[in-house]
Amino acid sequence: MAAAAEESGWRRVGFVGAGRMAEAIAQGLIQAGKVEAEHVLASAPSDKNLCRFRAMGCQTTHSNAEVLHSCSLVFFATKPHILPAVLVQVAPAVTAEHILVSVAAGVSLSTLEELLPPTARVLRVSPNLPCIVQEGAMVMARGRHAGSYEAQLLRSLLEACGQCEEVPEAQVDVHTGLSGSGVAFVCAFSEALAEGAIKMGMPSGLAHRIAAQTLLGTAKVLLQKGQHPAQLRTDVCTPGGTTIYGLHALEQGGLRATAMSAVEAATCRARECGPRPSPVVAWVPSVLQALQGGGALAHREHSRVWPVPGP
């Protein structure tokens, strides 16, 4: 009976933070029929992003605590440097029924668990923007108190948005560099392909459509046949043909090394995005009061506090 109640409880999904990634996940879940739009509640400080959630038929609020009180499955989709303060703010509202999912780059499970009640069920997810069309590539890692039930539930939901795999936490930031940021890298390559065709006389709109379809078709072949990219590349090449001449030009331009460096740079930046712990552990009532108008928020007497970077 308890399991059935919990299964029905997650049907109300919350988002703390309403940016593009939160919108992409919410839209994917709604379009796949995993949750009704009216059962999604999103919070943000202003209406700038909330209007897009309302356009989908979702509920919105300016209160993070309201999301925790109303939903048992909650995605935290704030900017990484803001997340620690948000977690301290909502910690008193966290109960044993909550499943908490962070999509913030670089914020480790240990940091999440330290700022939440001791037995909070926490998971990390690294999504990417194609979730919005149910073609996302995602990885997830579970915290100490998240078991197979929580992992299977989250995976079953996110698979409605695309491909989702569970990985060791060390690989989550690598995924951010490869796939989260990789969307922009692929767009840059698609744009370059199209501009090459435009230079040779093809109309712009047609060139961009064909470039995008070429990327889509190639990806489907790789996934459906399970081929290594090198094999497919070899299949396309013929001795003395057009493709090998083009590949030679790409090699002269350093395409491989540049792409590898881009993933490395984005991964390193993802690891830097998380908050840096202070060596001093102290109780800071002034911070807690600022977060909720002077209300008593501390769920424990002592808590690590990280400085929020300035603009």
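No chain of hydrophobic side-chain contacts below 4.5 Å, direct or via other Ile, Leu, Val, Met, Phe, Trp or Tyr residues, connects L50 to M56. Linking Ile, Leu, Val, Met, Phe, Trp and Tyr whenever their side-chain heavy atoms come within less than 4.5 Å puts M138 and V101 in one cluster. Both V103 and L73 sit in one connected hydrophobic cluster of ILVMFWY residues. Membership requires side-chain heavy atoms under 4.5 Å apart, directly or through other members. At a threshold of 4.5 Å between side-chain heavy atoms, the hydrophobic network of Ile, Leu, Val, Met, Phe, Trp and Tyr places V174 and L129 in two separate groups. V40 and L154 end up in the same hydrophobic cluster when Ile, Leu, Val, Met, Phe, Trp and Tyr side chains are linked at under 4.5 Å.
A salt bridge between E195 and K199 is absent, with no side-chain N of the basic residue lying under 4.0 Å from a carboxylate O of the acidic one. A salt bridge does not link R142 with E150: none of the charged nitrogens is closer than 4.0 Å to a carboxylate oxygen. Ion pair D173/R269 not flagged as a salt bridge, since none of the NZ, NE, NH1 or NH2 atoms sits closer than 4.0 Å to an Asp/Glu carboxylate oxygen.
Taking OG from S102 and CE from M140, the interatomic distance works out to 13.0 Å, rounded to the nearest 0.5 Å. Put simply, CD1 on I244 and OG1 on T238 are 9.0 Å apart, with the number rounded to the nearest 0.5 Å. Once rounded to the nearest 0.5 Å, the distance linking CZ of R12 with OG of S70 reads 5.0 Å. Note that the CD atom of E166 and the CD atom of Q171 stand 11.0 Å from one another [nearest 0.5 Å]. The CZ atom of R144 lies 4.5 Å from the CD atom of E113; values are rounded to the nearest 0.5 Å. To the nearest 0.5 Å, atoms OG1 (T258) and CG (L250) are separated by 10.5 Å.
Here the side chains of Q27 and V133 are not in contact, with every heavy-atom distance at 4.5 Å or above. Here the side chains of L222 and L232 are in contact, with some heavy-atom distance below 4.5 Å. In this structure the side chain of N128 never reaches within 4.5 angstrom of the side chain of S181, judged on heavy atoms. Taking 4.5 Å as the limit, every side-chain heavy atom of T267 sits out of range of all side-chain heavy atoms of T176. Using a 4.5 Å heavy-atom threshold, the side chains of L112 and F76 count as separate.
R271 and A170 make their closest contact through NH2-O, 4.3 Å (heavy atoms, listed as atom of the first residue, atom of the second, distance). In terms of heavy atoms, H98 sits closest to L100 at CB-CD2, 3.8 Å. For A141 against V167, the heavy-atom pair with the smallest separation is CB-O, 3.5 Å. Listed here is the closest heavy atom pair of G17 and A22: O-CB, 3.4 Å. When all heavy atoms of P80 and P84 are compared, the closest pair comes out as O-CD, 3.3 Å. Smallest separation of non-hydrogen atoms from P127 and M21: CG-CG, 3.4 Å.
Side chain of E169 to main chain of L109: a donor-acceptor pair is present (N/O by atom type, distance under 3.5 Å, no hydrogens or angles). Between the T214 side chain and the I210 main chain, a donor and an acceptor come within less than 3.5 Å of each other. The backbone N or O of Q59 lies less than 3.5 Å from no partner atom in the side chain of R54, so there is not a single donor-acceptor pair. Side chain of H208 to main chain of G205: no donor-acceptor pair is present (N/O by atom type, distance under 3.5 Å, no hydrogens or angles). Not a single donor-acceptor pair under 3.5 Å links the side chain of S179 to the backbone N or O of G182. Judged by distance alone, the side chain of H175 and the main-chain N or O of A137 form a donor-acceptor pair under 3.5 Å. Judged by distance alone, the side chain of T111 and the main-chain N or O of V107 form no donor-acceptor pair under 3.5 Å. Side chain of H228 to main chain of A230: a donor-acceptor pair is present (N/O by atom type, distance under 3.5 Å, no hydrogens or angles). In this structure, R121 contributes its side chain and A96 its backbone to a donor-acceptor pair below 3.5 Å. H145 places a side-chain N or O within 3.5 Å of a backbone atom of P118 that can act as its donor or acceptor partner.
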Before giving the answer on side chain to side chain contact (heavy atoms under 4.5 Å, CB included), spell out for V125 and V139 the whole-Å C-alpha distance, their side-chain angles and the decisive distance to 0.1 Å. CA-CA 6 Å; V125 170; V139 296; over 6 Å; no
Is there a side-chain hydrogen bond (donor to acceptor under 3.5 Å, both in side chains) between E23 and N49? Walk through the geometry before answering. CA-CA 9 Å; E23 179 190 0; N49 294 329; over 6 Å; no
Pair C161-L29, side chain to side chain contact (heavy atoms under 4.5 Å, CB included): steps then yes or no: CA-CA 6 Å; C161 302; L29 295 177; 4.1 Å; yes
Evaluate the criterion side chain to side chain contact (heavy atoms under 4.5 Å, CB included) for residue pair C71 and V13; output intermediate values, then yes/no. CA-CA 6 Å; C71 308; V13 178; 5.9 Å; no
Where do L41 and F53 land on the side chain to side chain contact (heavy atoms under 4.5 Å, CB included) test, with the steps shown first? CA-CA 9 Å; L41 176 63; F53 274 80; over 6 Å; no
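A donor atom on one side chain and an acceptor atom on the other are not found under 3.5 Å apart for T61 and S63.
A 6.0 Å sphere centred on CD of E264 holds no more than 12 heavy atoms belonging to other residues, nucleotides or ligands.
Using the six-membered ring where Trp is involved, F15 and F75 have ring planes that are parallel, under 30° apart on the 30 and 60° scheme.
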